[in-house]
Amino acid sequence: MEPLQSLRGMVDLLPERLGLWQRVEATAREHFRRAAIAEIRTPLLEATELFARGIGEGTDVVGKEMYTFFDRGERSCTLRPEGTASVVRAAIQQRLLAQGPQRLWYGGPMFRYERPQAGRQRQFHQIGVELLGAADPLSDGEAIAIAWDLLADLGVAGLELELNSLGTLDDRVRYRAELVAWLEAHRQQLDPDSQQRITSNPLRVLDSKHPDTQALLAGAPDLQDALCPESHERFRLVRRALEDLGIPFRLNPRLVRGLDYYGHTAFEISSSQLGAQATVCGGGRYDGLVEQLGGPATPAVGWALGMERLVLLLSEAGGDPAAVVPDLYVISRGEAAERQALTLARRVRRAGLIAERDGSGAAFGKQFKRADRSGARWAAVIGESEAAEGVAVLKDLRGEASDDGRRLPFEGLLAVLAQG
RNA sequence: GCGGGCGUAGCCAAGCGGUUAAGGCAGCGGCUUGUGGCGCCGCCACUCGGGGGUUCGAAUCCCCUCGCUCGCCCCA
């Protein structure tokens with residue numbers, strides 16, 4: 001019988017790895033609590049149209065990376081490729097915005113049909129923040145600061161924050177026309193991918209990784225020059241906020257996010273230690289999205305961070321937190337003894353301590369070996385005679401091989417454990 | 001979707017056309033029927049991701065396929 005395998009790009013998270021995940025999640029929760037950001041959970045599956053309308057038909061994510069299928073009712077459904085569209089849809093549908101601005105965070109799996117590589121999977125996990133109704137430029141700084149402080153608190157070193165302003169929709173329309181004209185004029189000198197993007201998504205040509213294209217782009221029209229005075233002023237205030245907060249950043253006029261809903265502030269936090277998929281956290285302002293999805297005009301800013309990439313950085317930096325070590329390892333053999341062992345384990349647990357019971361039925365020697373491996377300080381042994389007397393032999397596993405076993409009733413044993 | 005590299009036991013691996021496919025860790029059994037950590041002894045791949053081919057002979061060469069991996073692309 002051939003064993004079944006997980007689908008390509010779908011990864012199992014094993015206990016040894018999850019210690020680190022849980023640390024990240026707990027830290028994130030705490031940071032969000034302090035920032036008065038509430039959790040929201042939305043379905044993994046949404047109507048395809050939500051993402052098509054929200055993220056943009058012309059984007060790669062929508063164009064070729066979605067897990068889309070028809071359900072039994074012939075509705076087109078899509079496994080969410082990102083979190084923002086769903087959160088905005090929920091806020092609109094549940095009338096949350098009628099109660100005022102919403103500060104929300106979410107976490108969980110996202111799905112994109114891509115070729116897996118380091119830091120990129122088909123099912124991956126994000127934690128994200130959405131500040132709906134956050135109008136002022138300082139909110140951009142606040143959102144970034146929340147991400148920055150979380151990463152710093154987790155102990156991630158060597159991160160770089162890159163910042164850009166995409167201006168208003170009008171700015172971009174104007175700039176796009178300028179850029180397309182320029183690109184057309186230099187079409188012959190562009191790499192094939194970039195040539196294709198002149199029509200599909202011209203702004204994305206800007207952050208092409210092709211060296212020749214990059215060199216050529218030095219002479220291209222600059223998005224910053226196309227920004228209206230209000231956009232400039234807005235961007236100035238965002239930069240000022242970051243300066244006030246002491247968060248270092250680098251301006252990157254080529255930074256263009258791949259999702260259509262971004263405008264004004266766009267940012268990425270990346271690490272040079274991650275290889276090709278270097279972005280740990282990305283986000284920006286999306287003032288038009290709520291309205292575009294049928295809600296009240298609502299300015300908003302947010303970001304998402306990639307759990308796998310973050311965990312990758314943390315495990316390279318330090319390693320996982322230790323596995324759970326039981327306080328007591330309970331060894332038993334024989335039916336009466338096993339029943340007593342279960343009773344004892346439960347009593348220890350109800351007292352707030354960690355008890356692991358060996359249910360293997362193996363020889364005592366074998367069970368002792370496992371008791372040692374578990375790292376437990378104490379082992380309790382229950383055999384036929386102990387079971388008959390209602391006692392257990394308590395052994396200090398850190399002691400020498402001498403016979404230090406004490407026969408104790410369960411209450412006495414608990415008392416010893418309680419003392420450490 | 002396009003390129004490069006790699007698949008030998010649960011894990012780490014040696015072998016790179018010719019006898020029984022090294023070794024280590026883990027596991028199992030024993031020395032030591034109910035007492036661990038150390039040590040010693042023994043066992044643990046009819047078979048080298050799968051399929052086909054070349055050859056007297058294939059883990060070793062070729063083709064296909066699946067998977068992993070690193071890039072491109074894209075993004076978290």
Handout entry: side-chain N/O A:Arg112 vs B:rC75 OP1/OP2, d < 4.0 Å
Key = no
Problem - Nucleotide of B:rC68, B:rA76, B:rC73 approaching A:Phe124 most closely (side-chain heavy atoms) - result: B:rA76
Handout entry: Sugar-phosphate, base or nothing in reach of A:Ala363, heavy atoms under 4.0 Å
Key = sugar-phosphate
Practice task
Assign A:Asp372 to base, sugar-phosphate, or nothing according to its heavy-atom contacts below 4.0 angstrom with the strands shown.
Solution key: base
Practice task
Determine the Euclidean distance between corresponding P atoms of B:rA14 and B:rU8; express it in Å to zero decimal places.
Solution key: 11 Å
Practice task
May I ask you to say what A:Ser385 touches in the nucleic acid, namely base, sugar-phosphate or nothing, with a heavy-atom cut-off under 4.0 Å?
Solution key: base
Problem - Phosphate OP1/OP2 of B:rC75 contacted by A:Arg204 side-chain N/O (<4.0 Å) - result: yes
Problem - A:Gln117 side-chain N/O to B:rC70 phosphate OP1/OP2 under 4.0 Å - result: no
Problem - Enclosure of A:Glu49 CD (heavy-atom neighbours >12, cutoff 6.0 Å) - result: no
Practice task
Check every strand shown and say whether A:Glu268 touches a base, only sugar-phosphate, or nothing at a heavy-atom separation below 4.0 Å.
Solution key: nothing
Handout entry: More than 12 heavy atoms from other groups under 6.0 Å of CD on A:Glu243
Key = yes
Problem - Aromatic plane relationship, A:Trp303 with A:Phe32 - under 30° parallel, 30 to 60° tilted, over 60° perpendicular - result: tilted
Practice task
Please check if the side chain of A:Glu82 supplies one atom and the backbone of A:Ala85 the other of a donor-acceptor pair under 3.5 Å.
Solution key: yes
Fill in the blank from the handout: Regarding the side chain of A:Val381, the nearest nucleotide among B:rC72, B:rU35, B:rC68 is B:rU35
Practice task
Using the P atom on both, measure B:rG30 against B:rG36 and round to a whole Å.
Solution key: 13 Å
Practice task
Using the P atom as the reference point in each nucleotide, state the distance between B:rA22 and B:rG51 in Å, no decimals.
Solution key: 22 Å
Exercise for the section: Output yes when A:Arg8 and A:Glu114 qualify as a salt bridge under the 4.0 Å nitrogen-oxygen rule, no when they do not. Expected result: no
Practice task
Please work out if A:Gly282 contacts a base, only the sugar-phosphate, or nothing of the nucleic acid, heavy-atom cut-off 4.0 Å.
Solution key: sugar-phosphate
Problem - Crowding at CZ, A:Arg41 (>12 non-hydrogen neighbours, <6.0 Å) - result: no
Exercise for the section: Check the distance between B:rC38's P and A:Leu397's CG and give it to me in whole angstrom. Expected result: 13 Å
Handout entry: Assigned partner base of B:rA13, Watson-Crick or wobble definition, under 3.5 Å
Key = none
Exercise for the section: For B:rC40, measure the glycosidic angle (O4'-C1'-N9-C4 for a purine, O4'-C1'-N1-C2 for a pyrimidine) and name it syn if it falls within 90° of 0, otherwise anti. Expected result: anti
Handout entry: Separation between the C1' atoms of B:rG50 and B:rC41, rounded to whole Å
Key = 39 Å
Practice task
Using only heavy-atom distances, decide whether a donor-acceptor pair under 3.5 angstrom links the side-chain of A:Arg120 to the base of B:rC70.
Solution key: no
Handout entry: Residue closer to the 5' end of RNA chain B, A:Ser6 versus A:Gly306 (nearest nucleotide)
Key = A:Ser6
Problem - Atom C1', compared across B:rG57 and B:rG24: separation rounded to whole Å - result: 31 Å
Exercise for the section: Would you kindly say whether A:His264 and A:Asp287 are connected by a side-chain donor-acceptor distance under 3.5 Å? Expected result: no
Could you list, one pair per line, each protein nitrogen or oxygen that sits under 3.5 Å from a nitrogen or oxygen of nucleotides 26-30 of chain B, together with the distance?
from	atom 1	to	atom 2	distance (Å)
B:rA26	O3'	A:Arg373	NH1	3.0
B:rG27	OP1	A:Arg373	NH1	2.2
B:rG27	OP2	A:Arg373	NH1	3.3
B:rG27	OP2	A:Arg373	NH2	3.4
B:rC28	OP2	A:Lys366	NZ	2.6

Practice task
Specify the separation, in whole Å, of atom CE of A:Met66 and atom P of B:rC75.
Solution key: 14 Å
Problem - Carboxylate-amine/guanidinium contact A:Lys369 A:Asp372, below 4.0 Å - result: no
Handout entry: Nucleotide nearest A:Phe368 when distance is taken to its side chain, options B:rU35, B:rG1, B:rA76
Key = B:rU35
Practice task
Please state how far atom CD in A:Gln277 lies from atom P in B:rU69, giving the value in whole angstrom units.
Solution key: 13 Å
Exercise for the section: Using a 4.0 Å heavy-atom cut-off across all strands, classify A:Ala371 as base, sugar-phosphate, or nothing. Expected result: nothing
Practice task
Between B:rU54 and B:rG17, how far apart are the C1' atoms? Round to whole Å, please.
Solution key: 12 Å
Practice task
Can you check whether any acceptor in the base of B:rG34 is under 3.5 Å from a donor in the side chain of A:Glu386, or vice versa?
Solution key: yes
Exercise for the section: Measure from CZ on A:Arg8 to C1' on B:rG67 and round the result to the nearest Å. Expected result: 7 Å
Practice task
Take the protein atom CD1 of A:Ile382 and the nucleotide atom C1' of B:rG34, then report the distance between them rounded to whole Å.
Solution key: 13 Å
Problem - Whether A:Arg254 side chain and A:Leu217 backbone form a donor-acceptor pair below 3.5 Å - result: yes
Problem - Rounded distance in Å - CG (A:Leu310) to C1' (B:rC75) - result: 16 Å
Handout entry: Under-3.5 Å donor-acceptor pair between A:Arg115 side chain and B:rC70 base
Key = no
Practice task
Write down the distance separating the C1' atoms in B:rG15 and B:rA9, rounded off to the nearest Å.
Solution key: 16 Å
Completion exercise
A:Lys395 NZ to B:rG37 P, in whole Å, measures 11 Å
Practice task
Would you classify A:Gly283 as touching base, sugar-phosphate or nothing, given that sugar-phosphate means primed atoms plus P, OP1 and OP2, and contacts are heavy atoms under 4.0 Å?
Solution key: nothing
Handout entry: Distance, C1' atom - from B:rG53 to B:rA58, rounded to whole angstrom
Key = 11 Å
Handout entry: Check: A:Thr48 side chain, A:Ser76 main-chain N or O, donor-acceptor pair, under 3.5 Å
Key = yes
